[in-house]
Colleague: 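Got a structure for you, written out below as structure tokens; questions coming shortly.
The first residue in the sequence is number 1, and the count goes up from there.
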Amino acid sequence: MNVSAANVTVVLQYRDSFTKAVTKNVIVVVLGISINFINANLIHTFRKHQIFYMNPRYILFIHLVVNDMIVLTLTITLFLISYILFKLNVSICCVIVLLVIFTTENTPLNLACMAVECYIAICLPLHHMQICTVKRTSMLIGLIWMTSMLSGLPDLFITLATEPLDFFHSRVFCLRENVFPHPVNIKKRDITYSMFLVIVWITIFYTYFKILFTAKTASKDAKKARNTIMLHGLQLLLCMSSYATPPLKEALLRWFPKNYADSLFAIYITVQILPRSISPIIYGFRDNTFRKYLKNDLLCRVRKP
């Protein structure tokens with residue numbers, strides 16, 4: 001029996017009690033609605049004021065926020081389905097899993113781009129206006145999506161080529177390993193994750209230390225940018241912990257089979273929920289300009305009769 005089948009068997013064998021299942025689902029839904037509500041307000045503020053959608057920094061930020069909302073909505077939907085329906089049609093699951101793959105892999109790439117923008121703004125201020133334009137930012141976002149799609153779509157093509165048609169009409173526990181089961185997909189995923197890990201972390205470290213050096217002799221803005229990069233690094237660490245979840249799940253399955261469902265829940269909260277709660281902090285609350293407009297919009301909404 002492979003690891004995916006073992007995962008499903010153990011989860012089925014040690015299903016949560018009704019009370020525990022309701023508690024977990026309520027926690028996930030409340031956290032998801034709260035974060036998406038905050039993010040929706042950030043998007044509303046961004047769209048309402050031209051100062052933001054003419055600035056590449058805020059465009060990249062709001063792309064990250066939208067991406068977070070999509071990831072949260074899809075993963076929470078899958079979480080609820082795992083308790084309500086348990087199994088899902090393979091064709092539907094493929095679509096959802098692909099969207100989760102795209103948006104999950106978008107996040108570290110977007111964070112790397114935001115770090116580079118901070119580096120250019122602080123270390124190359126005279127060239128910032130020429131390098132970081134709205135048009136180039138839009139092209140960069142398109143490149144981010146293209147990269148994540150080129151990473152995820154081969155899983156679908158390999159599965160279409162190797163699995164019988166009946167497989168796509170069957171029902172499975174909706175996991176990436178179950179809908180894209182070919183061993184080549186697993187190896188490709190590990191290689192892709194390793195490449196993303198190396199490239200993005202090199203970018204984060206390089207920009208952080210360049211800004212750190214500048215911050216010692218420069219303005220308060222440089223020091224704030226350094227702290228922003230640190231937050232990017234924390235968010236990236238949480239996001240990219242998903243790359244380490246397959247071996248972690250295998251270890252937990254061997255060590256704590258009776259508590260495996262609780263372990264999966266803890267991993268889900270850490271990997272999928274917590275990273276999405278950091279995005280509003282980076283610019284929504286720490287950035288003086290965005291905070292001012294967001295506060296004014298919220299106050300205006302409260303004062304309306």
Colleague: Determine, stepwise, if the pair N67 / W145 fulfils side chain to side chain contact (heavy atoms under 4.5 Å, CB included).
Modeller: CA-CA 11 Å; N67 203 72; W145 276 93; 3.9 Å; yes
Colleague: Relative to the ring of H49, is the ring of F52 parallel (under 30°), tilted (30 to 60°) or perpendicular (over 60°)?
Modeller: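 Judged by the thresholds at 30° and 60°, the geometry between F52 and H49 is perpendicular.
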Colleague: Does H182 reach the main-chain N or O of V184 with its side chain, forming a donor-acceptor pair under 3.5 Å?
Modeller: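 Pair found, side chain donor or acceptor close to backbone of V184.
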Colleague: Measuring only between side-chain heavy atoms, which start at C-beta, is Y293 closer than 4.5 Å to F46?
Modeller: no
Colleague: Any chance you could measure I131, atom CD1, to I120, atom CD1, to the nearest 0.5 Å?
Modeller: 4.5 Å
Colleague: For a 4.5 angstrom cut-off between non-hydrogen side-chain atoms, does L143 reach M139?
Modeller: no
Colleague: Please lay out, stage by stage, how I101 and F180 fare under the test side chain to side chain contact (heavy atoms under 4.5 Å, CB included).
Modeller: CA-CA 12 Å; I101 292 172; F180 303 131; 4.3 Å; yes
Colleague: Can I43 and M69 be said to form a side chain to side chain contact (heavy atoms under 4.5 Å, CB included), step by step?
Modeller: CA-CA 11 Å; I43 294 171; M69 291 185 72; 3.4 Å; yes
Colleague: Is there side-chain contact between M114 and F61, with at least one heavy-atom pair below 4.5 Å?
Modeller: yes
Colleague: Would you say L111 ends up clustered with Y58 if hydrophobic residues are merged whenever their side chains have heavy atoms under 4.5 Å apart, either directly or through other cluster members?
Modeller: yes
Colleague: To the nearest 0.5 Å, how far apart are SG in C113 and CG in N106?
Modeller: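 It comes to 10.0 Å.
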Colleague: Atom CG in L78, atom CG in L99: separation rounded to 0.5 Å?
Modeller: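 Between atom CG of L78 and atom CG of L99 there are 10.0 Å.
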Colleague: Quick check for you: to the nearest 0.5 Å, what is the distance between L153 atom CG and I158 atom CD1?
Modeller: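 Rounded to the nearest 0.5 Å, the CG-CD1 separation comes to 11.0 Å.
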Colleague: Is there a path from V95 to F79 through hydrophobic residues (I, L, V, M, F, W, Y) whose side chains come within less than 4.5 Å of each other?
Modeller: yes
Colleague: Are I199 and I191 connected into the same hydrophobic cluster when the rule is that any two of I, L, V, M, F, W, Y join if their side-chain heavy atoms are below 4.5 Å apart?
Modeller: no
Colleague: Taking all non-hydrogen atoms of both residues into account, name the closest pair between N89 and H169 and its distance.
Modeller: ND2-O, 3.6 Å
Colleague: What heavy-atom pair brings N185 and P154 nearest, and what distance separates the two atoms?
Modeller: OD1-O, 4.1 Å
Colleague: Are L42 and N39 side-chain neighbours, meaning at least one heavy-atom pair lies under 4.5 Å?
Modeller: yes
Colleague: Do Y83 and I273 share a hydrophobic cluster (ILVMFWY, side-chain heavy atoms under 4.5 Å, transitive)?
Modeller: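 Yes, Y83 and I273 fall within the same hydrophobic cluster.
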Colleague: Flag the pair I27 / T23 as yes when at least one side-chain heavy-atom distance between them is below 4.5 Å, and no otherwise.
Modeller: yes
Colleague: For the pair K188 (side chain) and S151 (backbone), establish whether a donor and an acceptor sit closer than 3.5 Å, ignoring hydrogens and angles.
Modeller: yes
Colleague: Is the Y119 to Y206 ring centre distance short of 6.0 Å?
Modeller: yes
Colleague: Tell me the closest heavy-atom pair linking V179 and T159, and the distance in Å.
Modeller: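 Heavy atoms of V179 and T159 come nearest at O-CG2, 3.4 Å.
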Colleague: Does the side chain of V97 reach to within under 4.5 Å of the side chain of L74, using non-hydrogen atoms?
Modeller: no
Colleague: Quick one: do V90 and I84 end up in the same hydrophobic cluster if we chain Ile, Leu, Val, Met, Phe, Trp and Tyr together by side-chain heavy atoms under 4.5 Å apart?
Modeller: yes
Colleague: Check whether any side-chain heavy atom of E163 sits under 4.5 Å from a side-chain heavy atom of P181, and report yes or no.
Modeller: yes
Colleague: Do you know the tightest heavy-atom contact between V134 and M54?
Modeller: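 Distance-wise, the nearest heavy atoms are CG2-O, 3.5 Å.
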Colleague: May I ask you to check whether F173 and F86 place their ring centers less than 6.0 Å from one another?
Modeller: yes
Colleague: Ignoring hydrogens, what is the shortest heavy-atom contact between R171 and K87? Give both atom names and the distance.
Modeller: NH2-O, 2.8 Å
Colleague: Taking it one step at a time, do R176 and D155 satisfy side chain to side chain contact (heavy atoms under 4.5 Å, CB included)?
Modeller: CA-CA 9 Å; R176 180 175 183 175; D155 288 3; 2.8 Å; yes
Colleague: Kindly give the heavy-atom pair with the smallest separation between S91 and F168, and that separation in Å.
Modeller: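 Scanning both residues completely, I find the closest heavy atoms to be OG-O, 2.7 Å.
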Colleague: Measuring from L64:CG to I59:CD1, what's the distance to the nearest 0.5 Å?
Modeller: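 Rounded to the nearest 0.5 Å, the CG-CD1 separation comes to 14.0 Å.
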Colleague: So do S34 and V30 actually touch side chain to side chain, heavy atoms under 4.5 Å?
Modeller: yes
Colleague: When L60 is tested against each of V65, N110, N55 for side chain to side chain contact (heavy atoms under 4.5 Å, CB included), which residue passes?
Modeller: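 Answer to the side chain to side chain contact (heavy atoms under 4.5 Å, CB included) test with L60 among V65, N110, N55: N110.
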Colleague: Which residue in the set N36, L31, V29 passes side chain to side chain contact (heavy atoms under 4.5 Å, CB included) when paired with I33?
Modeller: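 Only one of N36, L31, V29 forms a side chain to side chain contact (heavy atoms under 4.5 Å, CB included) with I33, namely V29.
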Colleague: Please round to the nearest 0.5 Å and tell me the distance separating atom CD1 of I35 and atom CD1 of I76.
Modeller: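 Here the rounded value is 7.5 Å.
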